[in-house]
K.L.:
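One structure, pasted below without further comment.
What you see is a predicted model, and the numbers here were worked out from it, not measured in a lab.
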Amino acid sequence: TVDFQTNIGVQRVTLETPEIQAQIKVTAPPESRALMSGAEIALNEVTVGGAARAQVRIQSIGLVSVDVNSVCLLNSEGQCASGDRVGSFQLCDGSSETLSGCEFLPEVGTLLTGATETISVFYAPRAPRVEPERVNLLIRNNSIESPDFALSFVGQPCVRDELTPICGGC
């Protein structure tokens, strides 16, 4: 509220502005389009004993910073797993290019406007499977639109047979 002294007396004006909210954008390189919460990322045709990586980029796109409270893989009960591995999936720092070089993901914390954080999710099947394996990644943050941003990862190992003699490019 602002008071103005005019020739007809004091005039009071109330100014209202919308509350500025944190906003988050999540992409999976090499594509730069934003993913919606609930999107699915497939890691198919992975040889048993091999690994495939998906990168996830988290960006603060609002006028205020985003607080990323946690990034975790969800266990079968829908809770954050206590470690960085669930089934054949492993969560790593974004600079990890190979599973053997996997660095555990540190706390992301606050992303200033325009800042990004990249994480890696590896799928490394240890045994052949017929059914795909699934895991959810949760990005808990203070954005107004998606405070519990979730991505689903689906992994399918390649199993060689007469119909598929080539597996994962070999």
K.L.:
Quick check: do Leu138 and Asp148 have side-chain heavy atoms less than 4.5 Å from each other?
P.N.:
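In short, these two side chains touch, coming nearer than 4.5 Å.
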K.L.:
Ile58 versus Leu111: any side-chain heavy-atom pair under 4.5 Å?
P.N.:
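Yes, their side chains come closer than 4.5 Å.
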K.L.:
When you measure from the side chain of Arg126 to the backbone N and O of Gly87, does any donor-acceptor pair fall under 3.5 Å?
P.N.:
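Here the side-chain-to-backbone pair exists.
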K.L.:
Indicate the atoms forming the closest heavy-atom contact of Pro128 with Val48, along with that distance.
P.N.:
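Closest pair (atom of Pro128, atom of Val48, distance): N-CG2, 3.6 Å.
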K.L.:
Take atom CD in Glu103; do more than 12 heavy atoms of anything else shown fall under 6.0 Å from it?
P.N.:
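12 or below, so no.
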K.L.:
Go through Val13 and Phe4 one step at a time and tell me if the side chain to side chain contact (heavy atoms under 4.5 Å, CB included) criterion holds.
P.N.:
CA-CA 8 Å; Val13 177; Phe4 293 98; 3.8 Å; yes
K.L.:
Do the side chains of Leu35 and Leu151 get nearer than 4.5 Å, heavy atoms only?
P.N.:
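SC-SC contact between Leu151 and Leu35 confirmed.
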K.L.:
Quick check for you: to the nearest 0.5 Å, what is the distance between Ser82 atom OG and Asn75 atom CG?
P.N.:
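So the OG of Ser82 and the CG of Asn75 are separated by 8.0 Å.
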K.L.:
Taking the side chain as every heavy atom from C-beta outward, state whether Leu137 and Val71 have any pair of such atoms under 4.5 Å apart.
P.N.:
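The answer is yes, as the side chains (C-beta and beyond) meet within the 4.5 Å cut-off.
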K.L.:
For Ser88 and Glu133, test the side chains for any donor-to-acceptor distance below 3.5 angstrom and give the result as yes or no.
P.N.:
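The criterion, which ignores hydrogens and geometry beyond distance, is satisfied for Glu133 and Ser88.
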K.L.:
I'd like to know if the side chain of Gln59 and the backbone of Ala115 have a donor-acceptor N/O pair within less than 3.5 Å.
P.N.:
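Such a contact is absent between Gln59 side chain and Ala115 backbone.
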K.L.:
Quick check: closest heavy atoms across Gln21 and Val64, and the distance to 0.1 Å?
P.N.:
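Here Gln21 and Val64 meet closest at C-CG2, 3.6 Å.
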K.L.:
Could you check whether any side-chain heavy atom of Leu73 comes within less than 4.5 Å of a side-chain heavy atom of Phe89, counting everything from C-beta outward?
P.N.:
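Side chain of Leu73 against side chain of Phe89, heavy atoms only: contact under 4.5 Å found.
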K.L.:
Can you confirm whether more than 12 heavy atoms, excluding those of Glu40, are under 6.0 Å from its CD atom?
P.N.:
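Atom CD in Glu40 is packed in, count exceeds 12.
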K.L.:
Write down the atom of Leu91, the atom of Cys72, and the distance for their closest heavy-atom approach.
P.N.:
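Residues Leu91 and Cys72, closest heavy atoms: CD2-CA, 3.9 Å.
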K.L.:
For Thr113 and Leu63, what are the C-alpha separation, side-chain angles and deciding distance, and is it a side chain to side chain contact (heavy atoms under 4.5 Å, CB included)?
P.N.:
CA-CA 6 Å; Thr113 300; Leu63 296 175; 5.6 Å; no
K.L.:
Between Val135 and Ile41, is there shared hydrophobic-cluster membership here, with clusters defined by ILVMFWY side-chain heavy atoms closer than 4.5 Å?
P.N.:
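Yes: a chain of side-chain contacts under 4.5 Å links Val135 to Ile41.
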K.L.:
Measuring from Asp3:CG to Arg12:CZ, what's the distance to the nearest 0.5 Å?
P.N.:
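Rounded to the nearest 0.5 Å, the CG-CZ separation comes to 4.0 Å.
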K.L.:
Could you tell me the separation between the OG1 atom of Thr98 and the CZ atom of Phe122, rounded to the nearest 0.5 Å?
P.N.:
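With rounding to 0.5 Å, OG1 (Thr98) is 6.0 Å from CZ (Phe122).
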K.L.:
Go through it in stages, so that I can follow the logic: the residues are Cys102 and Gln90, the test is side chain to side chain contact (heavy atoms under 4.5 Å, CB included), and I'd like the CA-CA distance, side-chain angles, deciding distance and then a yes or no.
P.N.:
CA-CA 9 Å; Cys102 179; Gln90 186 163 341; 3.3 Å; yes
K.L.:
Using 0.5 Å steps for rounding, measure from the CD atom of Glu145 to the CD1 atom of Ile24.
P.N.:
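So the CD of Glu145 and the CD1 of Ile24 are separated by 10.0 Å.
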K.L.:
Over all heavy atoms of both residues, which pair between Ser37 and Ala150 is shortest? Give the atoms and the distance, please.
P.N.:
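Residues Ser37 and Ala150, closest heavy atoms: OG-N, 3.0 Å.
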K.L.:
Where is the tightest heavy-atom contact between Ile139 and Val56, given as atom of each residue plus distance?
P.N.:
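Scanning both residues, the minimum pair turns out to be CD1-CG1, 4.5 Å.
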K.L.:
Counting only N and O atoms by type, is there a donor-acceptor contact under 3.5 Å from the side chain of Asn141 to the main-chain atoms of Asp67?
P.N.:
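Not a single qualifying donor-acceptor pair exists.
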K.L.:
Minimum heavy-atom separation for Gln55 and Ser120, please, with both atom names.
P.N.:
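Of all heavy-atom pairs spanning Gln55 and Ser120, the closest is CG-OG, 4.0 Å.
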K.L.:
Measure the spacing between CD of Gln23 and CD1 of Ile61 and express it to the nearest 0.5 Å.
P.N.:
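The CD1 atom of Ile61 is 5.0 Å from CD of Gln23, to the nearest 0.5 Å.
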K.L.:
Is Ile119 linked to Leu74 within one hydrophobic cluster, defined over Ile, Leu, Val, Met, Phe, Trp and Tyr using a side-chain heavy-atom separation of less than 4.5 Å?
P.N.:
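No, it is not one cluster - the side chains of Ile119 and Leu74 are not joined through contacts under 4.5 Å.
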K.L.:
Do any N or O atoms from the side chain of Thr14 and from the backbone of Thr1 form a donor-acceptor pair under 3.5 angstrom?
P.N.:
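No; judged by distance alone, with no hydrogens or angles, the pair does not exist.
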K.L.:
Is it true that, when you exclude Glu107 itself, more than 12 heavy atoms of the residues, nucleotides or ligands shown sit nearer than 6.0 Å to its CD?
P.N.:
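No - once you tally the heavy atoms of other residues, nucleotides and ligands closer than 6.0 Å, there are 12 at most.
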K.L.:
Would you say Val121 ends up clustered with Val26 if hydrophobic residues are merged whenever their side chains have heavy atoms under 4.5 Å apart, either directly or through other cluster members?
P.N.:
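Yes, it is one cluster - the side chains of Val26 and Val121 are joined through contacts under 4.5 Å.
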K.L.:
Under the criterion side chain to side chain contact (heavy atoms under 4.5 Å, CB included), I'd like the reasoning laid out for Glu117 against Val68: C-alpha separation, chi angles, the key distance, then a yes or no.
P.N.:
CA-CA 10 Å; Glu117 179 71 33; Val68 178; over 6 Å; no
K.L.:
For the pair Ser143 (side chain) and Ser146 (backbone), establish whether a donor and an acceptor sit closer than 3.5 Å, ignoring hydrogens and angles.
P.N.:
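The answer is yes, because a donor-acceptor pair under 3.5 Å joins these two groups.
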K.L.:
Please check if the side chain of Arg53 supplies one atom and the backbone of Ser96 the other of a donor-acceptor pair under 3.5 Å.
P.N.:
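Yes.
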K.L.:
Got a donor-acceptor contact below 3.5 angstrom from the Asp93 side chain to the Ser95 backbone?
P.N.:
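Yes, the answer is positive, given that a donor and an acceptor are paired below the 3.5 Å cut-off.
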K.L.:
Could you give the distance from CD (Gln11) to OG1 (Thr6), rounded to the nearest 0.5 Å?
P.N.:
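Separation between the atoms: 4.5 Å.
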